[in-house]
Amino acid sequence: ARARDDAGRSRRATRRCARRETRRATRVDRARAMGSRDGARFAYGRARGEGPREKSGGNFASTMRRLGRHSCSVLIGFVICASLWARSSARGTSYGEEVLKAGPLSAFSITARKMTTRALVKSCASASGEVYLVTGAAGFVGSNVATALKRRGAGVVGLDNVNDYYPRGLKRSRMGKLSEIGVHVVEADLNDAVTVRKILETCEVTTVVHLAAQAGVRYAVKNPGAYVHSNVAGFVTLMEEIVHMKRMPKVIFASSSSVYGLNTKVPFSETDVTDSPASLYAATKKADELLAHTYNHIHGVALTALRFFTVYGPYGRPDMAYFSFANNIMQDKPIKIFKGPDGGELARDFTYIDDVVRGTIAACDTSEKSGKNSDGSKPPFRVYNLGNTKPVTVSDFVSSLEKALGKTAKRNYVPMPKTGDVPFTHADISAAKRDLGYNPTVGLDEGLQNFVRWYTKYYENGAHREDTHYVPM
């Protein structure tokens with residue numbers, strides 16, 4: 001009878017150990033899906049085995065002692081608990097002190113979150129009462145929008161996961177310039193709902209300028225999950241936190257000219273049907289517009305979608321064609337110019353960054369406040385094109401870039417890959433002119449000269465080689 005009791009206690013101890021380790025593994029799986037660094041550390045302990053992991057080790061040892069003299073039970077318990085422990089330890093080590101993965105859908109490493117309440121309060125200070133959260137603040141458009149808003153006296157805080165889709169050095173440089181003017185950028189993934197909530201509540205944000213996204217048309221073929229994670233799940237996470245605020249902020253967010261997809265009517269108008277996206281990136285941006293319409297309809301959130309048309313300028317993205325063209329021309333390497341299925345050249349409505357920034361801020365200023373009125377009315381869901389209205393072929397664009405750089409390109413014309421690029425873009429900006437006062441003023445030659453002045457100075461004497469030798473994914 002005593003032997004049976006001992007054996008029963010051993011089996012129960014083994015089952016308790018297995019259940020405990022399974023629960024711990026489940027918590028980490030949830031933390032990984034949420035992209036929460038703190039959640040992962042809570043579940044498995046700190047990177048070097050502190051806290052909860054030490055406690056778990058003690059429980060494991062005591063459990064083994066309780067198994068007693070029965071070698072068969074000891075062996076079974078050891079195999080189960082050790083295998084689960086190894087699983088937890090292996091997963092735990094992927095959450096280091098400095099870098100972690102955003103979640104199972106992201107292929108990029110994300111820098112660890114850095115945020116203090118003091119930094120938030122200081123960054124959000126505003127005499128006018130206007131406080132902006134700019135997501136994607138370490139990005140090209142985001143950093144320029146945040147700078148313009150801060151310079152006119154608004155409180156501004158940024159959010160960016162600083163992923164490694166392209167070299168982080170340029171993102172850090174943009175963040176450094178923002179820090180100089182008093183804009184704090186919180187380093188966190190948009191799917192980290194706890195962090196998003198803390199920013200919104202601590203700063204009492206009045207306007208969200210949502211520019212964070214996984215960019216790039218062609219890379220979506222290689223890693224579609226990253227686009228769903230950032231562009232769709234991230235958008236929903238942000239909106240869910242917004243609608244639960246006591247005072248809902250108004251939201252201006254970046255869509256894309258890519259949503260027009262295979263549209264053959266030109267110029268592209270906001271009233272055109274956009275049900276034929278040519279890329280997964282375009283599909284995620286269209287999904288954002290549909291989700292925005294839903295949140296506007298149900299909750300009365302004032303949402304404005306801005307369809308950007310091929311934005312370029314200083315501190316731009318190294319994965320963009322004009323940037324890689326400049327890199328290759330300066331290094332005497334050939335550049336690839338894509339030709340359409342009919343042999344014709346691609347054409348783009350290139351839009352200078354300063355014009356896009358002015359249009360974005362105008363959308364903020366003209367937006368109604370969020371919330372439904374007593375009579376059930378609500379602010380409209382708005383969509384605007386922000387383009388230049390003067391599309392040029394890629395060959396003509398390269399000719400202008402050659403003139404600005406003072407060097408001739410080695411051109412290599414190749415068929416356009418089937419990765420979702422469209423043959424042309426052309427914006428109808430009549431609605432933006434009417435409602436926002438939007439009027440692009442920077443021509444292509446002037447814009448490229450500005451870009452080249454910055455480019456030659458920033459990369460002088462071989463500086464920042466990670467950018468100039470970057471090959472788009």
Side-chain angles (χ1 to χ4, degrees), residues 33-35 103 105 132-136 159 189-193 196-197 199-201 205-215 220 224-261 263 268-277 279-308 360 363-364 366-386 431-432 435-436:
M34 293 174 61
L105 293 178
Y132 293 81
L133 166 60
V134 179
T135 70
L159 174 73
D189 190 82
L190 194 59
N191 287 284
D192 184 350
V196 172
R197 187 182 313 132
I199 296 172
L200 292 172
E201 292 177 348
V205 172
T206 58
T207 304
V208 174
V209 184
H210 176 44
L211 303 174
Q214 178 51 54
Y227 290 75
V228 176
H229 174 84
S230 295
N231 300 2
V232 181
F235 186 83
V236 172
T237 299
L238 175 64
M239 292 307 304
E240 282 298 307
E241 294 306 319
I242 286 172
V243 299
H244 286 96
M245 288 190 68
K246 187 175 181 180
R247 275 197 323 165
M248 292 188 297
K250 50 191 177 183
V251 181
I252 283 74
F253 70 97
S255 183
S256 169
S257 61
S258 297
V259 300
Y260 290 107
N263 186 22
F268 297 163
S269 171
E270 295 90 343
T271 59
D272 293 344
V273 176
T274 54
D275 292 339
S276 303
S279 67
L280 189 135
Y281 168 73
T284 61
K285 285 298 185 178
K286 176 62 177 178
D288 285 348
E289 292 187 2
L290 295 174
L291 288 165
H293 185 278
T294 303
Y295 278 99
N296 171 262
H297 174 71
I298 296 176
H299 302 284
V301 183
L303 283 130
T304 303
L306 301 177
R307 294 173 177 172
F308 296 153
T360 302
C364 296
T366 57
S367 173
E368 296 182 22
K369 293 183 178 180
S370 290
K372 291 187 176 182
N373 299 317
S374 57
D375 60 358
S377 62
K378 58 180 178 57
F381 169 53
R382 307 185 302 169
V383 181
Y384 296 107
N385 290 334
L386 294 187
D435 298 343
L436 310 181

Run Arg382 and Thr366 through side-chain contact (heavy atoms from CB on, under 4.5 Å) and show every step you take.
CA-CA 11 Å; Arg382 307 185 302 169; Thr366 57; 3.0 Å; yes
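- Every residue two or more places apart in sequence or in another chain that forms a side-chain contact (heavy atoms from CB on, under 4.5 Å) with Thr237 is listed here: Asn191, Ala193.
- Of the inter-residue distances, the one linking Leu291 atom CG with Leu238 atom CG reads 11.5 Å to the nearest 0.5 angstrom.
- For the side chain to side chain donor-acceptor pair (under 3.5 Å) test, residues two or more places apart in sequence or in another chain that qualify with Glu240 are Tyr295.
- Looking at residues two or more places apart in sequence or on another chain, you find no ring pair (Phe, Tyr, Trp, His ring centres under 6.0 Å) involving Tyr384.
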Taking distance alone, no hydrogens or angles, what donor-acceptor pairs closer than 3.5 Å link side-chain atoms of residues 296-303 to residues at least two apart or in another chain?
{"residue": "Asn296", "atom": "OD1", "partner": "Lys378", "partner atom": "NZ", "Å": "2.9"}
{"residue": "Asn296", "atom": "ND2", "partner": "Val301", "partner atom": "O", "Å": "2.8"}
{"residue": "Asn296", "atom": "ND2", "partner": "Pro379", "partner atom": "O", "Å": "2.9"}

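- We find the OG1-CG distance between Thr360 and Leu436 to be 9.5 Å, quoted to the nearest 0.5 Å.
- In this structure, the side-chain contact (heavy atoms from CB on, under 4.5 Å) partners of Ser257, at least two apart in sequence or on a different chain, are Phe309, Thr425.
- Heavy-atom neighbours of Lys369 NZ from other residues, nucleotides or ligands within 6.0 Å: at or below the threshold of 12.
- For Asp288, there are no side chain to side chain donor-acceptor pair (under 3.5 Å) partners two or more places apart in sequence or in a different chain.
- Qualifying salt bridge (charged side-chain N to carboxylate O under 4.0 Å, His left out) partners for Arg197, counting only residues two or more places apart in sequence or in other chains: Glu241.
- Under the salt bridge (charged side-chain N to carboxylate O under 4.0 Å, His left out) criterion, Glu289 pairs with Arg307, sequence neighbours left out.
- Applying the side-chain contact (heavy atoms from CB on, under 4.5 Å) rule to Ser377 yields the partners Asn373, Asp375; only residues at least two apart in sequence or on another chain are considered.
- Considering only residues two or more places apart in sequence or on other chains, Ser279 meets the side-chain contact (heavy atoms from CB on, under 4.5 Å) condition with Val217, Tyr281, Ala282.
- A search for salt bridge (charged side-chain N to carboxylate O under 4.0 Å, His left out) contacts involving Asp272 returns Lys265, not counting sequence neighbours.
- For Lys250, the side chain to side chain donor-acceptor pair (under 3.5 Å) test picks out no residue, with sequence neighbours left out.
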